[in-house]
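As structure tokens, the structure follows; a few thoughts come after it.
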2 protein chains.
Amino acid sequence: MTDQPPPSKSRRAFVREAPETRRAALIQAALELIGEAGYRSATTRAIAERAGVTLGLIRHHFHSKEDLISAAYDAHMSAMSDLSLAPAERKDLPPDQRLALVIEANLTPPVMSERNVTLWASFIAQIPNEPGIRTTHDRTYLSFRDRLEALIAETLSAQGRAVPADELRRLATSCNALIDGLWLEGGACPTGFAGDDLVAMGQDRIGVLLGVTLNRF
Amino acid sequence: MTDQPPPSKSRRAFVREAPETRRAALIQAALELIGEAGYRSATTRAIAERAGVTLGLIRHHFHSKEDLISAAYDAHMSAMSDLSLAPAERKDLPPDQRLALVIEANLTPPVMSERNVTLWASFIAQIPNEPGIRTTHDRTYLSFRDRLEALIAETLSAQGRAVPADELRRLATSCNALIDGLWLEGGACPTGFAGDDLVAMGQDRIGVLLGVTLNRF
DNA sequence: GTTTTTGTTATTCAATTGTATAATAACTTG
DNA sequence: CAAGTTATTATACAATTGAATAACAAAAAC
């Protein structure tokens with residue numbers, strides 16, 4: 001069927017792909033490897049093999065391995081933010097229900113997973129080495145908190161409640177911390193919590209912090 | 001003053017130390033290096049140099065580098081637990097004040113620091129590689145949560161309130177998550193929060209979750 | 001004081017890593 | 001269809017790594 005037409009001297013057959021395609025494939029390969037077996041397993045050779053290419057392509061499409069890792073961190077955090085904040089855009093739902101869905105998305109797969117905790121920890125641990133990682137971290141963290149803050153403001157406003165800006169900021173920071181902490185516990189101890197236990201806890205406690213009822217939708 | 005009596009053939013002078021001393025020195029050296037510049041910088045040679053010995057000693061006092069890293073993680077988590085839970089033992093103080101002090105200890109240096117976040121993330125990222133790391137993580141996590149749960153129970157009980165065991169467990173899990181999340185944010189964004197802002201937030205929000213007043217001691 | 005023990009140094013080794021360079025071929029352009 | 005572009009492969013290289021081994025000496029045992 002798919003017999004390889006032996007080229008002149010047994011050189012591996014290949015297809016030219018668009019740079020964006022190859023970059024995306026290399027990024028995905030790096031994320032898979034780090035998520036599966038940690039940062040150490042993501043060598044240039046392993047990444048290239050996972051992406052179905054040879055080692056040299058990394059240097060061709062990225063300035064260095066460090067550059068690839070930074071790009072992978074950026075892509076991963078963007079994807080996770082989009083996944084967990086997707087319910088916030090559903091304008092057909094009331095804000096309190098959207099908030100409950102955002103919490104649920106954060107505390108269920110695929111956002112909450114052992115793989116993602118490993119990935120996240122691997123990148124955080126690289127902060128002292130690569131300045132690009134810190135920049136991306138700060139940007140994505142503030143972006144998520146701001147969008148969560150907006151959703152909280154909407155929720156409170158819909159109930160006729162108004163809070164000062166600084167108090168709103170503290171509320172968002174605390175709720176963000178609670179979500180992060182539960183996400184971490186669920187991902188690091190995958191067997192420690194039953195079913196939607198963490199989701200119920202998250203919705204319930206954030207409801208208490210905000211003075212609203214979020215669960216039981 | 002301290003001229004070295006040149007040994008027979010320019011071999012480095014040394015002093016024999018007790019195994020526990022050397023083990024502790026190597027562990028501390030590893031923790032310093034990982035905390036300063038991440039896991040990658042903690043090579044066997046760098047650890048030995050930091051500890052003031054030569055490379056071969058690691059294999060003499062530990063079965064492997066992996067064994068040293070596991071021991072370092074264990075020692076570090078124990079030290080942090082002791083630091084942050086020390087106020088819980090002060091029987092001269094009422095439980096609500098002890099709880100407030102535990103929260104404060106968790107959200108101020110030396111427990112909350114960029115170095116410690118880097119350290120913690122580095123170890124978590126090693127979980128897929130070394131099974132010993134996961135064991136230590138689960139043990140220290142559950143130990144901290146249990147002791148926090150006991151302190152919460154004491155606090156509520158002192159106010160004449162009793163909660164079912166399962167609800168108490170959820171309360172402890174949520175409070176632990178909130179503390180972890182704030183600790184993480186403070187350590188990862190050292191410039192993002194002013195003074196005791198995080199401490200006030202932690203005490204205030206956990207007070208809300210428990211229905212007690214913890215701040216302003 | 002002599003012997004024994006073992007903590008410690010010094011050196012070597014095989015494996016792996018990220019990167020660099022040259023050769024090649026797939027696709028594009030005209 | 002011919003020439004040019006560049007994505008891709010193949011190979012090499014210098015540096016680093018964790019580990020292994022042998023030589024040595026400091027302290028203990030006798």
Side-chain angles (χ1 to χ4, degrees), chain A residues 4-27 29-30 33-34 37-72 122 126 129-130 132-133, chain B residues 4-27 29-30 33-34 37-72 122 126 129-130 132-133:
Chain A
Q4 62 249 353
S8 59
K9 205 177 172 187
S10 80
R11 194 188 179 95
R12 173 171 167 172
F14 64 94
V15 187
R16 281 167 89 112
E17 298 282 357
E20 319 90 58
T21 306
R22 276 282 135 86
R23 282 178 60 95
L26 288 168
I27 285 174
L33 286 167
I34 298 177
Y39 194 94
R40 294 178 51 187
S41 68
T43 66
T44 51
R45 284 165 180 79
I47 293 171
E49 183 182 16
R50 177 69 64 104
V53 296
T54 53
L55 171 165
L57 258 200
I58 292 180
R59 275 277 294 170
H60 186 72
H61 289 289
F62 296 91
H63 181 272
S64 65
K65 180 191 176 182
E66 174 180 324
D67 186 22
L68 165 59
I69 296 299
S70 284
S122 298
Q126 294 302 322
N129 298 331
E130 310 176 17
I133 299 287
Chain B
Q4 62 250 351
S8 59
K9 206 179 171 185
S10 81
R11 194 187 179 94
R12 174 172 167 170
F14 64 94
V15 188
R16 281 169 87 111
E17 299 282 356
E20 319 89 59
T21 306
R22 276 283 134 85
R23 283 178 59 97
L26 288 168
I27 286 174
L33 286 167
I34 299 176
Y39 194 94
R40 294 178 52 186
S41 68
T43 66
T44 52
R45 284 166 181 80
I47 293 171
E49 183 183 16
R50 178 68 65 104
V53 297
T54 53
L55 173 165
L57 258 199
I58 292 179
R59 274 278 293 171
H60 185 73
H61 289 290
F62 297 90
H63 182 272
S64 65
K65 181 191 177 183
E66 175 180 325
D67 186 22
L68 165 57
I69 296 298
S70 285
S122 297
Q126 295 301 322
N129 297 329
E130 311 176 18
I133 300 285

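Being a predicted model, the structure only gives us computed values, none of them experimental.
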query: Given atom CZ of F62(B) and atom P of dG18(D), what is their separation to the nearest angstrom?
result: 15 Å
- request: Spell out, as yes or no, whether a donor-acceptor pair under 3.5 Å connects the side chain of S70(A) to the backbone of D67(A).
  value: no
message: Please tell me if R11(B) has a side-chain N or O lying less than 4.0 Å from either OP1 or OP2 of dC24(D).
response: no
query: Looking only at atom types and distance, does a side-chain atom of K65(A) sit under 3.5 Å from a main-chain N or O of I58(A), one as donor and one as acceptor?
result: no
query: What are the two closest heavy atoms between R50(B) and A29(B), and how far apart are they?
result: CG-CB, 3.6 Å
query: Does the side chain to side chain contact (heavy atoms under 4.5 Å, CB included) test come out yes or no for V53(A) and F14(A), once each step is laid out?
result: CA-CA 8 Å; V53(A) 296; F14(A) 64 94; over 6 Å; no
message: Which heavy atom of R23(A) sits nearest to which heavy atom of A71(A), and what is that distance?
response: NH2-CB, 4.4 Å
With 3.5 Å as the limit, what N/O pairs link the protein to nucleotides 4-7 of chain C?
{"residue": "dT6(C)", "atom": "O4'", "partner": "R16(B)", "partner atom": "NH2", "Å": "3.4"}
{"residue": "dT6(C)", "atom": "O2", "partner": "R16(B)", "partner atom": "NH1", "Å": "3.0"}
{"residue": "dT6(C)", "atom": "O2", "partner": "R16(B)", "partner atom": "NH2", "Å": "3.2"}
{"residue": "dG7(C)", "atom": "OP2", "partner": "H60(B)", "partner atom": "NE2", "Å": "2.8"}
{"residue": "dG7(C)", "atom": "O4'", "partner": "R16(B)", "partner atom": "NH2", "Å": "3.4"}

message: Under a 3.5 Å distance rule, please check whether T44(A) uses its side chain to pair with a backbone N or O of L55(A) as donor and acceptor.
response: no
- prompt: Please give, in whole Å, the distance from dT17(D) C1' to I69(B) CD1?
  reply: 13 Å
Protein-nucleotide distance (D67(B), atom CG; dG18(D), atom C1'), rounded to Å: 14 Å
task: Looking only at non-hydrogen atoms, find the nearest pair between L26(B) and A48(B) and report the distance.
output: CD2-CA, 4.4 Å
Contact state string [nucleotides 12-21 of chain C, B base, S sugar-phosphate only, - no protein heavy atom under 4.0 Å]: -----BBBB-
query: How far does CZ of R22(B) sit from CD of E17(B), to the nearest 0.5 angstrom?
result: 4.5 Å
message: If you compare all heavy atoms of Y39(B) against all heavy atoms of S122(B), which two are closest, and at what distance to 0.1 Å?
response: N-OG, 4.0 Å
field: For I34(B) against A42(B), the heavy-atom pair lying closest together
entry: CG1-CB, 3.6 Å
message: As a check on the pairing definition, encode DNA chain C in dot-bracket form, counting Watson-Crick and G-U wobble pairs whose two distances are under 3.5 Å, and using | for partners outside this strand.
response: ||||||||||||||||||||||||||||||
